[in-house]
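Below is one structure, written out as structure tokens; comments come after it.
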Amino acid sequence: MRTLRPLDAPIDPVTALTRIAWLLERGRQSTYRVEAFRRAAAAAAAVGPDELAERAAAKTLGSLRGIGATTATVITEAVAGRIPAYLSDLQDSAPASIADGGDRLYAALRGDLHSHTDWSDGGAPIDEMVDAAVAFGHSWLAITDHSPRLTVANGLSAERLDRQIREIADVDAQHEGGIRVLAGIEVDILDDGSLDQSDEMLARLDIVTASVHSKLAMDAAPMTRRMVAAARDPRVNVLGHCTGRRVSSGSGAREQSTFDAREVFSACADSATAVEINSRPERVDPPDDLIAIALEVGCLFAIDSDAHAPGQLGFTALGAERAERLGIPDDRIVTTWPVDALLDWVRGD
């Protein structure tokens, strides 16, 4: 099973704090708790190991901004060469998978075509997302932050995307011989089916995942035309969370968009555009009946995490359970492919 491998002593305090944040994210714990450990990790990294050791001995870690009583204990135990009890408890209680089933397919996944960083509305920088992908056993990862129209998610202008592409290249170079880091985008599908980024910028990317984020209650006929246009666009590789639904209870719930699924998925099949199986627990998108249609008409699929934090990369276990249960062959799931085969598909080879 591909999961976060438990860490043993000795362990660096920053690594311990970061791994705790990942495990809390994987378990969908409160953002406040996760951010407490993330802030402490940043504070610990800023002062360095020598000062951490001195402050741990003097019991003055709590005077550092961003470090509280719990995180100070984690640092003190790590400095002493022990696995912090907080981390040990999380590792011992974490299930091998967050899904009930799908273990075989989850183990076959090689990468993820939908992940976010703090360049848009994610909670971590690119390098930490990549480090987590390595820890989860990925051989490649696409960084796909939002496009400019989605201002609520700090979508990337052409200028910011240009800078991000350069940073992704730098991070990829640092992992040469290991994980491959791909430059991508989750681009908004506009009302008429056009894409929310310039042709020039889209041409520079390895991966384009296209999703509807606005006017989700549009009438079925124009929504169908909108999605078909995007699915047939030669620049689009993946159709993301196609219904836009949220199955959470209460105020977070949202009905799915209505469209002619057979027409949309036929356009995907004709254009070799993969249909995303979005693995976020609050999305479960598309629902099973629509996946059945996409399977019938011959679509490719991408099991993606839509991770907005490093620990959420493990959400793909949920998508794998659904895909395995619904009988999707592995070779039609592009996220099981090695990176060279994936990029051949992107290029249309």
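Computation of the quantities below employed the complete heavy-atom set of this structure, encompassing side-chain atoms and omitting hydrogens, waters and symmetry-equivalent molecules.
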Look up atom [atom1] in [X] and atom [atom2] in [Y], then write down how far apart they are to the nearest 0.5 Å.
| X | Y | atom1 | atom2 | result |
| --- | --- | --- | --- | --- |
| Arg110 | Trp140 | CZ | CH2 | 10.0 Å |
| Ile179 | Leu182 | CD1 | CG | 9.0 Å |
| Leu239 | Asp233 | CG | CG | 11.5 Å |
| Ser115 | Ile207 | OG | CD1 | 11.0 Å |
| Asp306 | Asn278 | CG | CG | 4.5 Å |
| Arg254 | Arg283 | CZ | CZ | 5.5 Å |

Quick one: are [X] and [Y] in side-chain contact, heavy atoms under 4.5 Å?
| X | Y | answer |
| --- | --- | --- |
| Pro84 | Ile11 | yes |
| Thr73 | Tyr86 | no |
| Leu300 | Trp345 | yes |
| Val284 | Arg322 | yes |
| Thr209 | Asn237 | no |
| Val334 | Phe301 | no |
| Pro310 | Glu25 | yes |
| Met227 | Cys242 | yes |

Given the rule that I, L, V, M, F, W and Y join up when any side-chain heavy atoms are under 4.5 Å apart, are [X] and [Y] in one cluster?
| X | Y | result |
| --- | --- | --- |
| Leu295 | Val264 | yes |
| Ile277 | Val212 | yes |
| Leu61 | Ile83 | yes |
| Val134 | Leu113 | no |
| Leu190 | Val228 | no |

Backbone N/O of [Y] and side chain of [X]: donor-acceptor pair under 3.5 Å:
| X | Y | value |
| --- | --- | --- |
| Thr117 | Ile126 | no |
| Thr335 | Ile303 | yes |
| Asp196 | Arg149 | yes |
| Ser120 | Asn154 | no |
| Ser198 | Met201 | yes |
| Ser147 | Asp188 | yes |
| Asp12 | Val14 | yes |
| Ser271 | Cys268 | no |
| Gln164 | Trp119 | no |
| Ser93 | Asp89 | yes |

Considering all heavy atoms of both residues, which atom of [X] and which atom of [Y] are nearest to each other, and what is their separation?
| X | Y | answer |
| --- | --- | --- |
| Pro281 | Arg28 | CB-NH1, 3.4 Å |
| Ala210 | Leu195 | CB-CD2, 4.4 Å |
| Arg262 | Ser266 | O-OG, 2.7 Å |
| Gln256 | Pro287 | OE1-CG, 3.7 Å |
| Met218 | Asp191 | CE-O, 4.2 Å |
| Arg19 | Ala135 | NH2-CB, 3.9 Å |

Pair [X] + [Y], salt bridge at N-O below 4.0 Å:
| X | Y | result |
| --- | --- | --- |
| Arg225 | Asp260 | no |
| Arg55 | Glu51 | yes |
| Asp330 | Arg104 | yes |
| Glu200 | Arg204 | no |
| Arg245 | Glu255 | no |
| Arg232 | Asp270 | yes |
| Arg166 | Asp162 | yes |
| Asp145 | Arg160 | no |

message = Other residues, nucleotides and ligands only: do more than 12 of their heavy atoms fall within 6.0 Å of CZ on Arg65?
response =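 Open.
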
May I ask you to check whether over 12 heavy atoms, not counting those of Arg235, lie within 6.0 Å of atom CZ? yes

*asked:* side-chain hydrogen bond (donor to acceptor under 3.5 Å, both in side chains) for Gln312 and Trp22? Distances and angles first, verdict last.
replied: CA-CA 8 Å; Gln312 294 176 5; Trp22 293 357; over 6 Å; no

Where do Ile75 and Ile67 land on the side chain to side chain contact (heavy atoms under 4.5 Å, CB included) test, with the steps shown first? CA-CA 9 Å; Ile75 294 170; Ile67 296 178; 3.7 Å; yes

So His213 and His146, would you call those rings parallel, tilted or perpendicular, with 30° and 60° as cut-offs?
perpendicular

query: Stepwise, does the side chain to side chain contact (heavy atoms under 4.5 Å, CB included) test hold for Val208 with Val238?
result: CA-CA 7 Å; Val208 175; Val238 181; over 6 Å; no

* List the steps and the verdict of side chain to side chain contact (heavy atoms under 4.5 Å, CB included) for Ile143 and Leu141. => CA-CA 7 Å; Ile143 303 298; Leu141 176 70; 3.9 Å; yes

From the list Arg246, Glu186, His114, side chain to side chain donor-acceptor pair (under 3.5 Å) with His241 holds only for Glu186

| field | Criterion side chain to side chain contact (heavy atoms under 4.5 Å, CB included) on Leu90 and Ile20, from CA distance to verdict | value | CA-CA 7 Å; Leu90 283 175; Ile20 288 169; 3.7 Å; yes

